[in-house]
Amino acid sequence: MTMAAVDADRQRSAARAQLTSVVGVAVVGTTASGKSSVALAAAHAVPALELASVDAMQVYRGMNIGTAKPSAAEQAAVRHHLIDLVAHTDLFTLADYQAAMRAAVADVADRGRRVIAVGGTGLYLRSVVDGLDLPGQWPELRDELEGNRDVAGLFAQLSALDPVAASRMEPTNHRRIVRALEVCLGSGRPFSSFGPGLDLYPAEGVTQLGLRWPRERLVERIAHRVRAMVDAGLVDEVAQLRQRGPLSTTAGQALGYPEVGDYLDGRCSLDEAIDATTLHTRQFAVRQERWFRRDPRIQWIDVEHDPVEECLPTLMRLLNP
RNA sequence: GGUCGAGUAGCUCAGUCGGCAGAGCAUGCGCCUGAAAAGCGCAGGGUCACCGGAUCGACGCCGGUCUCGACCA
(Lines give C-alpha, C1' and ligand atoms only; values in the text may rest on other atoms or scores of the structure.)
Protein backbone atom coordinates (compact mmCIF):
# COMPACT_ATOMS: atom_id res chain seq x y z
CA MET A 1 0.00 0.00 0.00
CA THR A 2 1.32 3.45 -0.89
CA MET A 3 1.61 6.26 1.65
CA ALA A 4 -1.22 8.10 -0.09
CA ALA A 5 -3.41 5.03 0.11
CA VAL A 6 -2.64 4.64 3.82
CA ASP A 7 -3.57 8.29 4.38
CA ALA A 8 -6.77 7.90 2.44
CA ASP A 9 -7.59 4.82 4.47
CA ARG A 10 -6.96 6.63 7.75
CA GLN A 11 -9.14 9.54 6.63
CA ARG A 12 -11.89 7.16 5.68
CA SER A 13 -11.97 5.42 9.04
CA ALA A 14 -11.86 8.77 10.86
CA ALA A 15 -14.80 9.97 8.79
CA ARG A 16 -16.62 6.75 9.51
CA ALA A 17 -16.03 7.08 13.25
CA GLN A 18 -17.43 10.62 13.20
CA LEU A 19 -20.37 9.50 11.09
CA THR A 20 -21.39 6.67 13.41
CA SER A 21 -21.05 8.83 16.51
CA VAL A 22 -23.11 11.66 15.03
CA VAL A 23 -25.72 9.73 13.11
CA GLY A 24 -27.37 7.79 15.89
CA VAL A 25 -29.71 5.82 13.68
CA ALA A 26 -30.93 5.88 10.09
CA VAL A 27 -34.67 5.31 9.79
CA VAL A 28 -35.60 3.86 6.40
CA GLY A 29 -38.71 2.59 4.68
CA THR A 30 -40.92 3.23 1.70
CA THR A 31 -42.79 6.40 0.99
CA ALA A 32 -45.87 6.68 3.22
CA SER A 33 -44.40 4.23 5.74
CA GLY A 34 -44.53 6.76 8.57
CA LYS A 35 -40.78 6.88 9.11
CA SER A 36 -40.68 10.69 9.34
CA SER A 37 -43.27 10.82 12.10
CA VAL A 38 -41.34 8.24 14.11
CA ALA A 39 -38.07 10.14 13.74
CA LEU A 40 -39.77 13.41 14.61
CA ALA A 41 -41.25 11.90 17.76
CA ALA A 42 -37.80 10.70 18.80
CA ALA A 43 -36.29 14.12 18.15
CA HIS A 44 -38.91 15.63 20.42
CA ALA A 45 -38.20 13.13 23.14
CA VAL A 46 -34.40 13.17 23.13
CA PRO A 47 -32.40 16.34 23.84
CA ALA A 48 -29.80 17.58 21.36
CA LEU A 49 -31.22 15.50 18.55
CA GLU A 50 -31.77 16.82 15.01
CA LEU A 51 -33.01 15.26 11.77
CA ALA A 52 -31.31 14.76 8.42
CA SER A 53 -33.48 14.08 5.39
CA VAL A 54 -32.33 11.34 3.03
CA ASP A 55 -34.58 12.31 0.17
CA ALA A 56 -33.79 13.15 -3.41
CA MET A 57 -36.75 15.49 -3.82
CA GLN A 58 -37.07 17.35 -0.52
CA VAL A 59 -33.86 19.18 -1.45
CA TYR A 60 -35.83 21.40 -3.85
CA ARG A 61 -37.29 24.64 -2.50
CA GLY A 62 -40.97 25.11 -3.23
CA MET A 63 -41.65 21.42 -3.73
CA ASN A 64 -43.40 20.92 -0.43
CA ILE A 65 -46.74 19.16 -0.73
CA GLY A 66 -45.73 16.63 -3.36
CA THR A 67 -42.57 15.60 -1.54
CA ALA A 68 -44.32 15.34 1.84
CA LYS A 69 -41.78 17.76 3.23
CA PRO A 70 -41.93 18.40 7.00
CA SER A 71 -44.16 21.40 7.74
CA ALA A 72 -42.84 24.80 8.77
CA ALA A 73 -44.02 24.11 12.32
CA GLU A 74 -42.20 20.78 12.41
CA GLN A 75 -39.05 22.36 11.05
CA ALA A 76 -39.30 25.13 13.64
CA ALA A 77 -39.64 22.63 16.48
CA VAL A 78 -36.81 20.33 15.42
CA ARG A 79 -33.84 21.29 13.29
CA HIS A 80 -33.96 19.58 9.89
CA HIS A 81 -31.01 19.21 7.55
CA LEU A 82 -30.76 18.59 3.78
CA ILE A 83 -34.09 20.18 2.96
CA ASP A 84 -34.55 23.17 0.61
CA LEU A 85 -30.98 23.17 -0.64
CA VAL A 86 -31.56 24.27 -4.26
CA ALA A 87 -34.19 25.76 -6.59
CA HIS A 88 -36.56 23.52 -8.55
CA THR A 89 -34.85 24.68 -11.71
CA ASP A 90 -31.47 23.35 -10.52
CA LEU A 91 -29.93 19.95 -11.09
CA PHE A 92 -29.10 18.01 -7.95
CA THR A 93 -27.34 14.66 -7.91
CA LEU A 94 -25.93 11.95 -5.70
CA ALA A 95 -22.54 13.63 -5.26
CA ASP A 96 -24.21 16.92 -4.28
CA TYR A 97 -26.14 15.04 -1.64
CA GLN A 98 -23.10 13.20 -0.35
CA ALA A 99 -21.16 16.46 0.05
CA ALA A 100 -24.09 18.25 1.69
CA MET A 101 -24.68 15.39 4.11
CA ARG A 102 -21.02 15.28 5.09
CA ALA A 103 -21.07 19.02 5.73
CA ALA A 104 -24.22 18.65 7.82
CA VAL A 105 -22.68 15.85 9.87
CA ALA A 106 -19.58 17.95 10.52
CA ASP A 107 -21.76 20.88 11.56
CA VAL A 108 -23.81 18.78 13.94
CA ALA A 109 -20.65 17.28 15.41
CA ASP A 110 -19.17 20.76 15.96
CA ARG A 111 -22.22 21.73 17.95
CA GLY A 112 -22.02 18.56 20.02
CA ARG A 113 -25.36 17.27 18.84
CA ARG A 114 -26.60 14.17 17.03
CA VAL A 115 -28.93 13.47 14.10
CA ILE A 116 -31.29 10.79 12.99
CA ALA A 117 -31.10 10.25 9.23
CA VAL A 118 -34.60 9.67 7.84
CA GLY A 119 -35.51 8.89 4.28
CA GLY A 120 -36.24 6.57 1.45
CA THR A 121 -33.57 7.34 -1.12
CA GLY A 122 -31.51 4.22 -0.71
CA LEU A 123 -28.54 5.12 -2.87
CA TYR A 124 -28.19 8.53 -1.22
CA LEU A 125 -28.07 6.88 2.19
CA ARG A 126 -25.48 4.35 1.10
CA SER A 127 -23.29 7.01 -0.46
CA VAL A 128 -22.89 8.41 3.05
CA VAL A 129 -23.22 5.35 5.28
CA ASP A 130 -20.79 3.29 3.20
CA GLY A 131 -18.65 6.24 2.11
CA LEU A 132 -18.99 5.48 -1.57
CA ASP A 133 -16.08 6.81 -3.62
CA LEU A 134 -17.95 8.55 -6.43
CA PRO A 135 -16.16 8.95 -9.75
CA GLY A 136 -16.27 12.39 -11.40
CA GLN A 137 -18.35 13.66 -14.29
CA TRP A 138 -17.36 14.24 -17.89
CA PRO A 139 -20.46 15.86 -19.36
CA GLU A 140 -19.21 16.35 -22.91
CA LEU A 141 -18.19 12.68 -23.07
CA ARG A 142 -21.53 11.61 -21.67
CA ASP A 143 -23.48 13.71 -24.16
CA GLU A 144 -21.56 12.10 -26.97
CA LEU A 145 -22.12 8.58 -25.60
CA GLU A 146 -25.77 9.27 -24.94
CA GLY A 147 -26.27 10.17 -28.58
CA ASN A 148 -25.16 6.68 -29.54
CA ARG A 149 -28.27 4.50 -29.50
CA ASP A 150 -26.35 1.32 -30.35
CA VAL A 151 -26.67 -0.16 -26.85
CA ALA A 152 -25.12 -3.49 -27.86
CA GLY A 153 -22.10 -1.69 -29.33
CA LEU A 154 -21.68 0.43 -26.19
CA PHE A 155 -21.94 -2.66 -24.01
CA ALA A 156 -19.27 -4.40 -26.12
CA GLN A 157 -17.02 -1.38 -25.70
CA LEU A 158 -17.55 -1.42 -21.92
CA SER A 159 -16.91 -5.17 -21.78
CA ALA A 160 -13.55 -4.57 -23.44
CA LEU A 161 -12.57 -1.61 -21.24
CA ASP A 162 -13.98 -2.87 -17.94
CA PRO A 163 -15.31 -6.44 -17.93
CA VAL A 164 -16.03 -6.28 -14.20
CA ALA A 165 -18.31 -3.27 -14.54
CA ALA A 166 -19.98 -4.84 -17.57
CA SER A 167 -20.71 -7.98 -15.57
CA ARG A 168 -22.49 -5.89 -12.93
CA MET A 169 -25.15 -4.48 -15.23
CA GLU A 170 -27.73 -5.54 -17.77
CA PRO A 171 -26.44 -5.36 -21.37
CA THR A 172 -29.56 -3.35 -22.27
CA ASN A 173 -29.32 -0.69 -19.58
CA HIS A 174 -28.29 2.24 -21.75
CA ARG A 175 -28.03 4.76 -18.94
CA ARG A 176 -25.80 2.65 -16.69
CA ILE A 177 -23.57 1.61 -19.59
CA VAL A 178 -23.15 5.22 -20.70
CA ARG A 179 -22.22 6.26 -17.17
CA ALA A 180 -19.64 3.47 -16.81
CA LEU A 181 -18.10 4.32 -20.19
CA GLU A 182 -18.07 8.01 -19.33
CA VAL A 183 -16.03 7.22 -16.22
CA CYS A 184 -13.68 4.75 -17.94
CA LEU A 185 -12.90 7.11 -20.81
CA GLY A 186 -12.92 10.28 -18.73
CA SER A 187 -10.86 9.12 -15.76
CA GLY A 188 -8.65 6.64 -17.56
CA ARG A 189 -9.53 4.15 -14.81
CA PRO A 190 -12.01 1.28 -14.94
CA PHE A 191 -15.40 2.24 -13.55
CA SER A 192 -15.25 -0.82 -11.31
CA SER A 193 -12.04 0.42 -9.67
CA PHE A 194 -14.04 3.04 -7.77
CA GLY A 195 -15.67 0.47 -5.55
CA PRO A 196 -16.69 -3.13 -5.08
CA GLY A 197 -20.25 -2.52 -6.22
CA LEU A 198 -23.39 -2.23 -4.16
CA ASP A 199 -23.62 -5.89 -3.29
CA LEU A 200 -21.20 -5.69 -0.38
CA TYR A 201 -22.51 -4.47 2.95
CA PRO A 202 -19.71 -3.59 5.42
CA ALA A 203 -20.82 -4.70 8.89
CA GLU A 204 -19.52 -1.66 10.81
CA GLY A 205 -21.52 1.49 10.36
CA VAL A 206 -24.67 3.36 11.08
CA THR A 207 -27.47 1.46 12.78
CA GLN A 208 -30.45 1.21 10.44
CA LEU A 209 -34.06 0.76 11.45
CA GLY A 210 -36.61 -0.14 8.78
CA LEU A 211 -40.39 0.24 8.79
CA ARG A 212 -42.26 -2.40 6.82
CA TRP A 213 -45.98 -2.67 6.02
CA PRO A 214 -48.02 -5.48 4.46
CA ARG A 215 -48.28 -4.67 0.75
CA GLU A 216 -52.07 -4.17 0.79
CA ARG A 217 -51.92 -1.70 3.67
CA LEU A 218 -49.12 0.20 1.99
CA VAL A 219 -51.14 0.47 -1.22
CA GLU A 220 -54.06 1.91 0.76
CA ARG A 221 -51.85 4.40 2.55
CA ILE A 222 -50.35 5.61 -0.73
CA ALA A 223 -53.74 6.10 -2.39
CA HIS A 224 -54.90 8.01 0.66
CA ARG A 225 -51.76 10.14 0.75
CA VAL A 226 -51.98 11.15 -2.93
CA ARG A 227 -55.59 12.25 -2.49
CA ALA A 228 -54.58 14.20 0.62
CA MET A 229 -51.81 15.95 -1.32
CA VAL A 230 -54.26 17.08 -3.98
CA ASP A 231 -56.66 18.27 -1.29
CA ALA A 232 -53.80 20.18 0.30
CA GLY A 233 -53.17 22.12 -2.92
CA LEU A 234 -50.71 20.12 -4.99
CA VAL A 235 -52.17 21.44 -8.25
CA ASP A 236 -51.55 25.05 -7.19
CA GLU A 237 -48.06 24.18 -6.03
CA VAL A 238 -47.16 22.73 -9.42
CA ALA A 239 -48.73 25.64 -11.30
CA GLN A 240 -46.82 28.18 -9.22
CA LEU A 241 -43.53 26.35 -9.57
CA ARG A 242 -43.88 26.24 -13.34
CA GLN A 243 -44.53 29.97 -13.42
CA ARG A 244 -41.17 30.51 -11.78
CA GLY A 245 -39.34 28.33 -14.30
CA PRO A 246 -39.30 24.81 -15.66
CA LEU A 247 -38.42 21.96 -13.33
CA SER A 248 -34.89 20.67 -13.86
CA THR A 249 -34.29 17.17 -15.24
CA THR A 250 -33.86 15.85 -11.73
CA ALA A 251 -36.60 17.84 -9.97
CA GLY A 252 -39.00 17.07 -12.80
CA GLN A 253 -38.90 13.41 -11.89
CA ALA A 254 -40.61 13.95 -8.55
CA LEU A 255 -43.74 11.82 -8.39
CA GLY A 256 -46.92 13.77 -8.99
CA TYR A 257 -45.30 16.78 -10.60
CA PRO A 258 -45.27 15.60 -14.25
CA GLU A 259 -48.69 13.97 -13.79
CA VAL A 260 -50.24 17.16 -12.44
CA GLY A 261 -48.39 19.04 -15.18
CA ASP A 262 -50.20 16.91 -17.75
CA TYR A 263 -53.48 17.86 -16.14
CA LEU A 264 -52.57 21.56 -16.17
CA ASP A 265 -51.68 21.28 -19.85
CA GLY A 266 -55.03 19.68 -20.61
CA ARG A 267 -53.61 16.32 -21.57
CA CYS A 268 -55.66 14.43 -18.98
CA SER A 269 -58.32 14.87 -16.32
CA LEU A 270 -57.51 15.48 -12.68
CA ASP A 271 -58.73 11.99 -11.81
CA GLU A 272 -56.39 10.52 -14.40
CA ALA A 273 -53.50 12.52 -12.99
CA ILE A 274 -54.33 11.29 -9.49
CA ASP A 275 -54.58 7.68 -10.67
CA ALA A 276 -51.27 7.91 -12.53
CA THR A 277 -49.54 9.46 -9.52
CA THR A 278 -50.92 6.77 -7.23
CA LEU A 279 -49.75 4.01 -9.55
CA HIS A 280 -46.29 5.50 -10.01
CA THR A 281 -45.92 6.06 -6.28
CA ARG A 282 -46.91 2.47 -5.57
CA GLN A 283 -44.37 1.19 -8.10
CA PHE A 284 -41.74 3.42 -6.56
CA ALA A 285 -42.53 2.12 -3.07
CA VAL A 286 -42.11 -1.45 -4.28
CA ARG A 287 -38.73 -0.53 -5.79
CA GLN A 288 -37.76 0.99 -2.43
CA GLU A 289 -38.76 -2.22 -0.65
CA ARG A 290 -36.64 -4.26 -3.04
CA TRP A 291 -33.68 -1.93 -2.56
CA PHE A 292 -33.78 -1.92 1.25
CA ARG A 293 -34.51 -5.59 1.77
CA ARG A 294 -31.16 -6.51 0.19
CA ASP A 295 -29.33 -4.75 3.00
CA PRO A 296 -28.82 -7.36 5.76
CA ARG A 297 -27.88 -4.68 8.29
CA ILE A 298 -31.36 -3.14 8.52
CA GLN A 299 -33.40 -4.09 11.59
CA TRP A 300 -36.99 -4.36 10.47
CA ILE A 301 -40.17 -3.59 12.36
CA ASP A 302 -43.40 -4.90 10.87
CA VAL A 303 -45.88 -2.09 11.37
CA GLU A 304 -49.55 -2.89 11.56
CA HIS A 305 -51.40 0.20 12.80
CA ASP A 306 -49.49 3.08 14.33
CA PRO A 307 -45.87 3.65 13.25
CA VAL A 308 -44.97 5.93 16.17
CA GLU A 309 -46.48 3.67 18.79
CA GLU A 310 -44.96 0.54 17.31
CA CYS A 311 -41.50 1.86 16.43
CA LEU A 312 -40.60 4.65 18.83
CA PRO A 313 -39.56 2.38 21.74
CA THR A 314 -37.13 0.50 19.52
CA LEU A 315 -35.76 3.71 18.04
CA MET A 316 -35.23 5.17 21.54
CA ARG A 317 -33.41 2.04 22.63
CA LEU A 318 -31.13 2.18 19.57
CA LEU A 319 -30.37 5.84 20.29
CA ASN A 320 -29.49 5.20 23.93
CA PRO A 321 -27.87 1.79 24.13
C1' G B 1 -89.01 -7.91 -31.58
C1' G B 2 -85.39 -7.52 -36.18
C1' U B 3 -80.43 -6.65 -38.39
C1' C B 4 -75.33 -6.10 -37.74
C1' G B 5 -70.95 -6.11 -34.63
C1' A B 6 -68.30 -7.64 -30.27
C1' G B 7 -67.11 -11.47 -26.24
C1' U B 8 -59.36 -14.36 -25.96
C1' A B 9 -54.49 -13.09 -19.38
C1' G B 10 -56.34 -8.42 -13.91
C1' C B 11 -57.05 -4.28 -18.15
C1' U B 12 -56.76 -2.76 -23.53
C1' C B 13 -56.47 -5.66 -27.62
C1' A B 14 -53.70 -8.99 -31.76
C1' G B 15 -54.34 -13.96 -33.56
C1' U B 16 -52.85 -15.08 -41.45
C1' C B 17 -54.99 -21.08 -44.64
C1' G B 18 -58.15 -25.28 -39.08
C1' G B 19 -52.12 -27.62 -36.77
C1' C B 20 -48.33 -26.29 -29.29
C1' A B 21 -52.32 -19.31 -27.04
C1' G B 22 -49.71 -13.78 -28.23
C1' A B 23 -48.38 -8.30 -27.23
C1' G B 24 -48.53 -3.83 -24.32
C1' C B 25 -49.83 -2.29 -19.56
C1' A B 26 -50.75 -4.18 -14.64
C1' U B 27 -48.83 -7.86 -10.90
C1' G B 28 -44.53 -10.71 -8.62
C1' C B 29 -39.19 -11.12 -8.35
C1' G B 30 -34.28 -9.42 -9.35
C1' C B 31 -30.29 -5.88 -11.04
C1' C B 32 -28.09 -0.95 -11.02
C1' U B 33 -21.79 4.00 -7.55
C1' G B 34 -22.79 11.35 -10.18
C1' A B 35 -30.79 11.41 -13.39
C1' A B 36 -32.00 6.76 -7.98
C1' A B 37 -39.18 9.59 -6.80
C1' A B 38 -34.33 7.75 -12.48
C1' G B 39 -32.91 3.38 -15.49
C1' C B 40 -32.78 -2.07 -16.80
C1' G B 41 -34.00 -7.41 -16.81
C1' C B 42 -36.67 -12.04 -15.68
C1' A B 43 -41.11 -14.61 -14.33
C1' G B 44 -46.13 -16.09 -13.24
C1' G B 45 -50.86 -15.65 -15.24
C1' G B 46 -55.91 -18.66 -20.12
C1' U B 47 -62.64 -23.43 -19.35
C1' C B 48 -60.33 -18.41 -26.18
C1' A B 49 -68.62 -16.41 -23.14
C1' C B 50 -71.60 -21.14 -22.88
C1' C B 51 -73.87 -25.87 -25.06
C1' G B 52 -73.77 -29.14 -29.03
C1' G B 53 -72.05 -30.74 -34.12
C1' A B 54 -68.79 -31.93 -38.53
C1' U B 55 -63.29 -32.93 -38.61
C1' C B 56 -57.37 -37.00 -37.30
C1' G B 57 -57.33 -32.11 -35.12
C1' A B 58 -61.31 -25.94 -33.55
C1' C B 59 -60.00 -19.61 -30.54
C1' G B 60 -61.07 -20.21 -35.85
C1' C B 61 -66.04 -23.91 -39.51
C1' C B 62 -71.75 -25.21 -38.69
C1' G B 63 -76.27 -24.89 -35.30
C1' G B 64 -78.14 -22.98 -30.85
C1' U B 65 -77.97 -20.11 -26.02
C1' C B 66 -76.31 -15.92 -23.02
C1' U B 67 -74.17 -10.94 -22.31
C1' C B 68 -72.75 -6.07 -24.16
C1' G B 69 -72.96 -2.26 -28.06
C1' A B 70 -74.90 0.18 -32.48
C1' C B 71 -78.75 0.71 -35.81
C1' C B 72 -83.93 -0.44 -37.39
C1' A B 73 -88.97 -1.02 -35.65
Base, sugar-phosphate alone, or nothing: which one does E146(A) contact when heavy atoms must sit under 4.0 Å apart?
base
Using a cut-off of strictly less than 4.0 Å, decide whether R175(A) has a side-chain nitrogen or oxygen near OP1 or OP2 of rC32(B).
no
Check every strand shown and say whether Y97(A) touches a base, only sugar-phosphate, or nothing at a heavy-atom separation below 4.0 Å.
nothing
Nucleotide of rG28(B), rA35(B), rG41(B) approaching T93(A) most closely (side-chain heavy atoms)
rA35(B)
Select base, sugar-phosphate, or nothing to describe what Q283(A) touches, counting heavy atoms under 4.0 Å on all strands.
sugar-phosphate
Please measure how far the C1' atom in rG5(B) lies from the corresponding atom in rG19(B), and state the result in whole Å.
29 Å
Across every strand shown, the nucleotide meeting Watson-Crick or G-U wobble geometry with rG22(B) (both distances under 3.5 Å) is rC13(B)
Walking RNA chain B from its 5' end, the first of F194(A) and M57(A) to be reached, judged by nearest nucleotide, is F194(A)
Against the side chain of T121(A), the closest entry in rG41(B), rA36(B), rA35(B) is rA36(B)
Please state the C1' separation for the pair rG52(B) and rG46(B) - nearest whole angstrom.
23 Å
Starting from P on rC31(B), measure out to CZ on R287(A) and report it in whole angstrom.
14 Å
Can you tell me, in whole Å, how much space there is between the P of rU16(B) and that of rC11(B)?
23 Å
Among rA35(B), rA38(B), rC32(B), the one nearest F284(A) by side-chain distance:
rA38(B)
rC25(B) to rG2(B) separation - P atoms, rounded to the nearest Å:
44 Å
When the C1' atoms of rG41(B) and rC59(B) are compared, how many Å lie between them, rounded to an integer?
32 Å
Pick the C1' atom in rU8(B) and in rG24(B), then give their distance to the nearest Å.
15 Å
Okay, side chain of Y257(A), backbone of G66(A): is any donor-acceptor separation there less than 3.5 Å?
yes
Under 4.0 Å, heavy atoms only, any strand: does T67(A) hit a base, just the sugar-phosphate, or nothing?
base
Between F191(A) and R179(A), is there a cation-pi geometry (under 6.0 Å to ring centre, at most 45° from the normal)?
no
Using whole Å, report how far CG of L145(A) lies from P of rA35(B).
13 Å
What does L255(A) touch in the nucleic acid at a heavy-atom separation under 4.0 angstrom: a base, only the sugar-phosphate, or nothing?
base
Looking only at atom P, what distance separates rA9(B) and rC66(B), rounded to whole Å?
23 Å
For the side chain of T172(A), starting at C-beta, report the closest nucleotide among rU27(B), rA35(B), rG41(B).
rG41(B)
Is R242(A) paired with D265(A) through a side-chain N to carboxylate O contact shorter than 4.0 Å?
yes
Is there a Watson-Crick or G-U wobble partner for rA54(B) with both distances under 3.5 Å, and which nucleotide is it?
none
Pick base, sugar-phosphate or nothing for R126(A), based on heavy-atom distances below 4.0 Å to the nucleic acid.
nothing
Rounded to whole Å, CZ of R189(A) lies from P of rU33(B) at a distance of 15 Å
Between rG39(B) and rG44(B), how far apart are the two P atoms, rounded to whole Å?
25 Å
What contact category does L279(A) fall into here, base, sugar-phosphate, or nothing, at under 4.0 angstrom with non-hydrogen atoms?
sugar-phosphate
Is D84(A) salt-bridged to K69(A), cutoff N-O under 4.0 Å?
yes
Derivation and outcome, side-chain hydrogen bond (donor to acceptor under 3.5 Å, both in side chains), residues D162(A) and S192(A):
CA-CA 7 Å; D162(A) 187 352; S192(A) 59; 2.8 Å; yes
Donor-acceptor check, side chain of E259(A) to backbone of I274(A), threshold 3.5 angstrom: yes or no?
no
Name the pairing partner of rG28(B), where a pair is Watson-Crick or G-U wobble with both distances under 3.5 Å, or state none.
rC42(B)
Provide the Watson-Crick or G-U wobble partner of rG7(B), both distances under 3.5 Å; none if there is no partner.
rC66(B)
Is R282(A) close enough to rU27(B) that one of its side-chain N or O atoms is under 4.0 Å from OP1 or OP2 there?
yes
Is E50(A) reaching over with its side chain to a backbone N or O of V115(A), donor-acceptor style, under 3.5 angstrom?
no
